[in-house]
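Comments concern the structure below.
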Amino acid sequence: MRPEIEYVLFDMDGLMIDSERIYTEVTNQILRPYGKEMTWDIKAGCMGKPQLAAAEHLLSFFPDIPISTDSYLKTRNELQDQLWPTVPLLPGVRELVHHLKAHNIPMAIATSSRRDKFELKTKHLGDVFDCFEGKVVCGDDKQYGLRGKPHPDIFLAAARELLGRDVGHADKECSLDQLKERAKGLVFEDSLPGVQAGKRAGMSVVWVPDNNLLDVEYSEVEKADQTLKSLKEFVPEEWCLPVFGDV
């Protein structure tokens, strides 16, 4: 039996928007002159990480090419910034967000993206992202002292600071009441570090991975509570949330 959910936290990249396709295309555009390619087993280790950690992980597989981390990030960001204003929503996102909003379910976004990149990626998708009323934690929000996923910091900060839930802090011992409050949260994620972060936060996690990620061999540290092919498959009433169409 699934727990009764009272609030919902969304990752963004690869979960709400089709940003992973752009990440892949741009990265391989940079690597192509050297005869290299980012395969999905490499990409799986980049997903969900802050950009510096992800870049270091990527380039560790290509020690023979003359690209520094700083140079790679500068070129990558310039190319991506041209494409972010065109990135589309992924299937089921609009319907689910509007449904939760219509039923006043507390929700927030917890993304590893930097704040300026978040704005670039979402400005043209206001009918969805405006539903969050500014309740967004980004990876470079220094006021929260965040460690990157798979640490649970970002989900606990979003629940605590934006939704007013008494979930405690990642680096402090929490009470039984705080553990119960954490268990009322549902996290939507597409990356393995994100799944780990959600589980370590004491919340339930729905994993919506790219199909390519399912073919990658990995060691499961924490298993998601549910795995879906897209958010179109999500059934709210399984989590004690209002039924679609019930207004």
Side-chain angles (χ1 to χ4, degrees), residues 10-94 97 109-129 136 138-140 148-150 188-195 207-218 227-232:
F10 288 84
D11 175 51
M12 181 182 69
D13 286 295
L15 184 279
M16 300 185 74
I17 59 174
D18 193 14
S19 52
E20 294 302 331
R21 176 181 56 81
I22 290 177
Y23 283 131
T24 300
E25 289 177 358
V26 167
T27 294
N28 284 333
Q29 181 179 341
I30 296 170
L31 295 175
R32 195 170 297 121
Y34 304 99
K36 308 294 184 181
E37 181 182 14
M38 179 176 67
T39 58
W40 263 95
D41 57 335
I42 297 173
K43 183 179 176 67
C46 298
M47 295 175 68
K49 287 185 170 69
Q51 71 164 357
L52 179 58
E56 290 172 343
H57 178 81
L58 169 73
L59 294 178
S60 70
F61 289 88
F62 309 111
D64 56 327
I65 63 175
I67 301 180
S68 68
T69 303
D70 288 344
S71 175
Y72 163 75
L73 284 174
K74 182 176 184 297
T75 303
R76 190 203 69 168
N77 288 340
E78 288 173 352
L79 293 172
Q80 286 177 170
D81 286 354
Q82 298 172 25
L83 298 174
W84 290 140
T86 69
V87 67
L89 291 170
L90 284 165
V93 172
R94 178 177 283 107
V97 170
I109 293 173
T111 174
S112 297
S113 277
R114 288 164 37 194
R115 179 69 58 174
D116 60 339
K117 302 305 180 185
F118 172 82
E119 298 295 341
L120 272 177
K121 295 171 183 176
T122 63
K123 186 177 293 186
H124 63 296
L125 300 169
D127 69 311
V128 168
F129 288 94
V136 180
C138 291
D140 63 340
K149 302 171 186 177
F188 288 103
E189 262 288 354
D190 72 304
S191 74
L192 292 173
V195 171
W207 187 33
V208 191
D210 188 290
N211 287 336
N212 291 288
L213 192 57
L214 296 176
D215 297 327
V216 175
E217 302 233 352
Y218 61 90
T227 301
L228 304 176
K229 291 181 180 178
S230 82
L231 284 179
K232 289 177 69 174

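The structure displayed is predicted, hence computed values, not measured ones. Just so it is clear, the values below take in all heavy atoms, side chains as well, and ignore hydrogens, waters and symmetry mates.
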How long is the gap from [atom1] on [X] to [atom2] on [Y], to the nearest 0.5 Å?
X	Y	atom1	atom2	answer
E119	D116	CD	CG	8.5 Å
T75	I30	OG1	CD1	5.5 Å
D210	T24	CG	OG1	8.0 Å
T27	R76	OG1	CZ	6.5 Å
E37	F61	CD	CZ	13.5 Å
L58	M38	CG	CE	6.5 Å

*Does the D140 side chain pair with the main chain of R115, one donor and one acceptor, at a distance under 3.5 Å?*
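Looks like yes, one N/O pair under 3.5 Å.
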*Kindly say whether C138 contributes a backbone atom to a donor-acceptor pair with the side chain of T111 at under 3.5 angstrom?*
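Absent.
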*Measure the acute angle between the ring planes of F129 and F118, then classify it against the limits of 30° and 60° as parallel, tilted or perpendicular.*
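It falls in the perpendicular class, over 60°.
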Are [X] and [Y] side-chain neighbours, meaning at least one heavy-atom pair lies under 4.5 Å?
X	Y	value
K43	E20	yes
I17	M12	yes
R21	P88	yes
N77	Q80	yes
L15	L231	yes
L125	M16	no

Check side chain to side chain donor-acceptor pair (under 3.5 Å) between [X] and all other residues, then give those that pass, not counting sequence neighbours.
X	answer
S113	D13, K121
T39	D41
N28	none
S112	none

*Taking ring-ring contact (aromatic ring centres under 6.0 Å, His included) as the test, write out the residues that go with Y23, two or more places apart.*
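Y23: ring-ring contact (aromatic ring centres under 6.0 Å, His included) contacts with W84.
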*Applying salt bridge (Lys or Arg N to Asp or Glu O under 4.0 Å), name anything that partners K74, two or more places apart in sequence or on another chain.*
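Counting only residues at least two positions away or on another chain, K74 forms a salt bridge (Lys or Arg N to Asp or Glu O under 4.0 Å) with E78.
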*Name all residues meeting the salt bridge (Lys or Arg N to Asp or Glu O under 4.0 Å) criterion together with D11; count only those two or more places apart in sequence or in a different chain, and write none if there are none.*
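Expected list: K149.
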Side chain to side chain contact (heavy atoms under 4.5 Å, CB included) partners for [X], two or more places apart:
X	value
K232	P91, S230
L90	D18, V93
Q29	R32, L79
H124	V87

_Checking Y72 against I65 for the side chain to side chain contact (heavy atoms under 4.5 Å, CB included) test, could you report, in this order, the C-alpha distance in whole Å, the side-chain angles of both residues, the deciding distance, and whether it holds?_
CA-CA 11 Å; Y72 163 75; I65 63 175; over 6 Å; no
*Do F62 and I67 pass the side chain to side chain contact (heavy atoms under 4.5 Å, CB included) test, and can you show the C-alpha distance, the side-chain angles, and the key distance before you say yes or no?*
CA-CA 9 Å; F62 309 111; I67 301 180; over 6 Å; no
_Residue pairs passing the salt bridge (Lys or Arg N to Asp or Glu O under 4.0 Å) test where at least one lies in residues 56-71, sequence neighbours excluded_ =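 Sorted result for residues 56-71: K36-D64.
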